[in-house]
Undergrad: 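First, the structure itself, so that you have it in front of you.
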Amino acid sequence: MDNITIKIKKGGKFNDIVPEKLKDRIIAAKMNDKLYDLFDTAPENNDAELIDIHSGDGEKILLHSAAHLLANAITDIHKDALPNTSNEGEDTFYYDFKMDPISIEDFPLIEKRMEEIVKSNVKIEKSILNKSEILEIFKNNKYKIDKINTNVNDNDKSSIYRQGNYIEFCKGPHVPSTGYIMAFKLLSISSTNYEGDINKEKMIRIYGTAFPDKKALNAFLIRREEAIKRDHRKIGTEMDLFMFDNERAPGMPFYTPNGAIIRNELINYMKEINKSHGWEEVWTAHVFKDIIWKQSGHYGKYKNDMFLFQLQNGDNYGLKPMNCPGHITIFQRNVYSYRDMPVKYSEPGTVYRYEKSGEMGGLTRPRGFTIDDGHGFVRPDQVLEETVSLLKMVPEIFKTVLGTDEISYDLSIMDKNNPENYLVSYICNNCNAKFEMRAAVDELKCYNCGSSDLRVDFSMWDNATDNLREALKNLNLKYTEYPGEAAFYGPKIDIHIKDALGRSWQLSTIQLDFFMPVNFDLYYIDRDDKRVRPIIIHRAIYGSYERFIAILLEHFNGKLPLWLSPLQTYVIPVSENYNDYAVKINELLNKNNLRSRIDLSGETISKKIKLIRKMRPSYIIVVGEREKNSNTLSVRNRKDKTKEFEIEEFISNIKNEIENHKIDQIF
RNA sequence: GCCAUCGUAGCUCAGUCGGUAGAGUGGCUGAUUCGUAAUCAGCAGGUCGGGGGUUCAAUUCCCCCCGGUGGCUCCA
């Protein structure tokens, strides 16, 4: 929801401009993009946005205050627990404590204490104190002392928040009193290390959530339960789609016949899209001599995460962890004119990465997976056009496959204050040579004359980043910029989609790369007969097929659109007396290239339906005396509605449903 | 890799305070001939993740491995 905006005079209290009837839902204020507590005073005459607890900013503040509420309760119950720090996610918060391990069995007691603090509606008050005063308050908590020392300069002041007996070092803002935290719940518990460093001490992390009202909290909890019920591993077992053999090939997914159908349909659809957008399909080997990984830089950086092996004769090989060197190898077979560009290769490319044991998880994080990969070798002046083309492909695909329009775009750009972290151009002030270098790993001196009198040239980054930005703007896409989030080798656009359960997934990526062209000395011949470096665009739309199938299954709860469904029709005769008619129907469906199966077992019709349900057939066709006599079908859809159809009518309808990749069924 | 937790029949799970295991479901066989979420009966399935130790005896207790799950870290 949108917040209201009201003018305020310099020095006025934000709380004084909150309309009386909104007092119970306005919890903070915002001016010039900075958040304030309601009891702060306005720094200037300006518009103040009043933050409603139901707004995006409001919910963040609520979660943050709920985290403090948790810490308040924990320290009340466990006197020796030391609060470290909290953080908020989309719907959840966590708080890390140094304390003896507890379990979710302890949650009711903690929640009860939290409830009491809410009931007594304790005021949450800010004080501004000198650093020394703050250090004195937190003298028994070394974690807070660390935080104070890193965040506050010696002679500066900072804020602390007090709610009853509980004090927190925090920059706020917060809800005005604990009574605003109407609906909350603790969710889970896990361990973590101080500052995320595995060498530092273990901490207890408690996750929770909070909402402006009970209704929203319940909706969240139901969604969460539904997500567990829809776990792709469970659906995959029920529908017999894929398996793992943890003894023989840990982390490697095996697709069973049904799963292979889904995977192939997705791949075939992507092939069509690639073709229509000028991405030519190639095929590359899975095993390469290690020299290519040394040249690409993967070996140096990811050696420990690669499958590497040595043959009897001493030759060293590695499984590909990325497809780009393979595509580059193909690109290098030729010399290209500027007129040949862009050269765009695509491939459902299977890669292997030795994920650490604790990092694997079902299909979402396997050790072998297939990317709908593509590498465009483009002239710098083609980045815009190619990015626009890709940004048009993405919504088309997700609309078709998932039926979703909820797509968001992140533009990750470089942090110009730290150019050493990136591969950027330098110009030698001594000999005027121009070259690319990453100062964080290479010694910063001229390759030509050895001089270290160099100046940075951002033009390559600036042009490329401008092109990405312009592509987003041309298509009127809403996007967010993230300075400092670019990879060292180039800026990128990451694309997120929201699934049926409201979860956001990063799927697609459009990544510019200045680095590989340098490593492999790629070039094309320009109009003036000079060699010019192309830029590589790495792109994937689904991301990996494995992860995408997991998301697809959870999004649809396994009830896939017909064109993706492994079992499109399932024919059930009412009794064995109608087997002949059922067999005829099933054969007719198969002849029409439909994936149909028939159940000729002696079970009752109810039992047959019961048993096949977990396979999620798109249509169940029941035939008996009536249908046989009138040459019709009794069809039951995914929503358990039944309808009579003429045979030909049904077949032509569902063939149309398949050809048009429809999400909805014919009735 | 780290912390926690788990590994018993194809699947879901029970059980053994140490005496080599059970249910439901699925599978097979037979009866039933059935109108949209379980008709009945019988039978066959397990060296209780792997290795070692303690013990007269280990699936159970101890140790080490291998895997799974939830987090942490990581994700080119």
Side-chain angles (χ1 to χ4, degrees), chain A residues 94 96 101-104 187-207 228 231 233-234 236-238 240 243-251 293 296-306 320-325 351 353-362 364-367 369 371 373 487-490 492 506 509 511 513 515-516 538 540 543-544 547 570 572-579 599-614 619-628 634-637 640-644:
Chain A
Y94 65 74
D96 292 348
I102 58 169
S103 77
I104 50 171
L187 298 172
S188 63
I189 197 157
S190 72
S191 73
T192 180
N193 297 84
Y194 183 51
E195 294 180 331
D197 183 338
I198 55 166
N199 299 311
K200 296 187 176 164
E201 58 262 58
K202 284 264 159 287
M203 303 213 125
I204 306 289
R205 173 169 295 182
I206 300 175
Y207 284 85
I228 293 166
D231 189 308
R233 285 165 295 206
K234 188 164 166 275
T237 305
E238 287 175 356
D240 191 17
M243 55 164 283
F244 289 88
D245 186 319
N246 299 319
E247 256 67 56
R248 299 184 227 204
W293 310 119
S296 70
H298 292 114
Y299 192 90
K301 202 162 177 215
Y302 297 107
K303 189 180 171 193
N304 293 330
D305 304 315
M306 285 178 66
K320 62 173 166 182
M322 291 277 280
N323 294 305
C324 35
V351 298
R353 298 175 184 178
Y354 188 79
E355 304 289 353
K356 303 279 177 293
S357 58
E359 293 164 348
M360 291 190 293
T364 49
R365 193 86 184 269
R367 283 188 177 147
F369 57 95
I371 305 171
D373 218 342
F488 75 87
Y489 49 83
K492 63 174 175 178
Q506 196 225 301
T509 179
Q511 169 91 58
D513 184 349
F515 185 56
M516 287 291 160
H538 305 252
S544 91
R547 188 159 163 273
Y570 192 68
I572 299 177
V574 165
S575 80
E576 285 174 19
N577 296 331
Y578 310 101
N579 278 2
D599 187 343
L600 294 177
S601 70
E603 299 296 345
T604 60
I605 168 172
S606 294
K607 184 159 184 183
K608 288 175 182 175
I609 289 173
K610 171 86 181 176
L611 292 183
I612 201 63
R613 280 182 69 79
K614 68 183 173 69
Y619 294 104
I620 295 175
I621 296 169
V622 176
V623 292
E625 185 71 23
R626 281 204 307 272
E627 291 76 14
K628 189 177 176 179
S634 170
V635 181
R636 175 175 170 140
N637 69 11
D640 299 320
K641 297 254 159 35
T642 54
K643 197 174 167 186
E644 296 291 314

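In what follows, every chain begins at residue 1, and chains take the letters A, B, ... in the order their sequences are listed. FYI, side chains are in, hydrogens and waters are out, and symmetry mates aren't considered; it's all heavy atoms of this structure.
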Undergrad: Take atom CD of A:Glu359 and atom C1' of B:rG70, then tell me their distance rounded to the nearest Å.
TA: 15 Å
Undergrad: How far does the P atom of B:rA9 sit from the matching atom of B:rA4, given to the nearest Å?
TA: 27 Å
Undergrad: Could you tell me how far B:rC56 sits from B:rC66 if I compare only their P atoms? Round to whole Å.
TA: 32 Å
Undergrad: Provide the distance between the two C1' atoms, one in B:rC17 and one in B:rG42, to the nearest whole Å.
TA: 37 Å
Undergrad: Just by protein heavy atoms under 4.0 Å, how would nucleotides 29-39 of chain B read 5' to 3' in B, S and -?
TA: ---BBBBBBBB
Undergrad: Does the side chain of A:Glu627 reach to within under 4.5 Å of the side chain of A:Ile621, using non-hydrogen atoms?
TA: no
Undergrad: Tell me, please, which residues at least two apart from A:Arg547 pass side chain to side chain donor-acceptor pair (under 3.5 Å).
TA: none
Undergrad: Please give the distance between the C1' atoms of B:rA37 and B:rG30 as a whole number of Å.
TA: 26 Å
Undergrad: Write down the distance separating the P atoms in B:rU25 and B:rC40, rounded off to the nearest Å.
TA: 9 Å
Undergrad: If the P atom of B:rU16 is compared with that of B:rA21, how far apart are they to the nearest Å?
TA: 14 Å
Undergrad: With a 4.0 Å cutoff (strictly under), does any side-chain N or O of A:Tyr354 reach OP1 or OP2 of B:rA76?
TA: no
Undergrad: Using a cut-off of 4.0 Å on non-hydrogen atoms, how would the nucleic acid contact of A:Arg205 be classed: base, sugar-phosphate, or nothing?
TA: sugar-phosphate
Undergrad: Once you apply a heavy-atom cut-off of 4.0 Å, does A:Lys301 come out as touching a base, just sugar-phosphate, or nothing?
TA: nothing
Undergrad: Check the chi torsion on B:rG45 and let me know: syn if it falls within 90° of 0, anti if not.
TA: syn
Undergrad: Out of B:rG68, B:rG70, B:rA76, which has the shortest distance to the side chain of A:Arg233?
TA: B:rG70
Undergrad: Does the side chain of A:Val622 reach to within under 4.5 Å of the side chain of A:Ile605, using non-hydrogen atoms?
TA: yes
Undergrad: Hey, what's the ring geometry for A:Tyr489 with A:Phe515, parallel, tilted or perpendicular (30° and 60° as the breaks)?
TA: parallel
Undergrad: Suppose you measure atom P in B:rU59 against the same atom in B:rG71; what distance do you get, rounded to whole Å?
TA: 34 Å
Undergrad: Classify A:Met360 by what it touches in the nucleic acid, base, sugar-phosphate, or nothing, heavy-atom distance under 4.0 Å.
TA: sugar-phosphate
Undergrad: Is it the case that the side chain of A:Lys608 and the backbone of A:Ser601 share a donor-acceptor pair, with hydrogens and angles ignored and the cut-off at 3.5 Å?
TA: yes
Undergrad: Does A:Phe244 reach a base, just sugar-phosphate, or nothing at all? Heavy atoms under 4.0 Å.
TA: nothing
Undergrad: Specify the closest pair of heavy atoms between A:Asp305 and A:Lys356, including all atoms of both residues, with the distance to one decimal.
TA: OD1-NZ, 2.6 Å
Undergrad: Side chain of A:Arg365: nearest nucleotide among B:rC75, B:rG1, B:rA76?
TA: B:rC75
Undergrad: Between B:rC11 and B:rG45, how many Å separate the two C1' atoms, rounded to a whole number?
TA: 13 Å
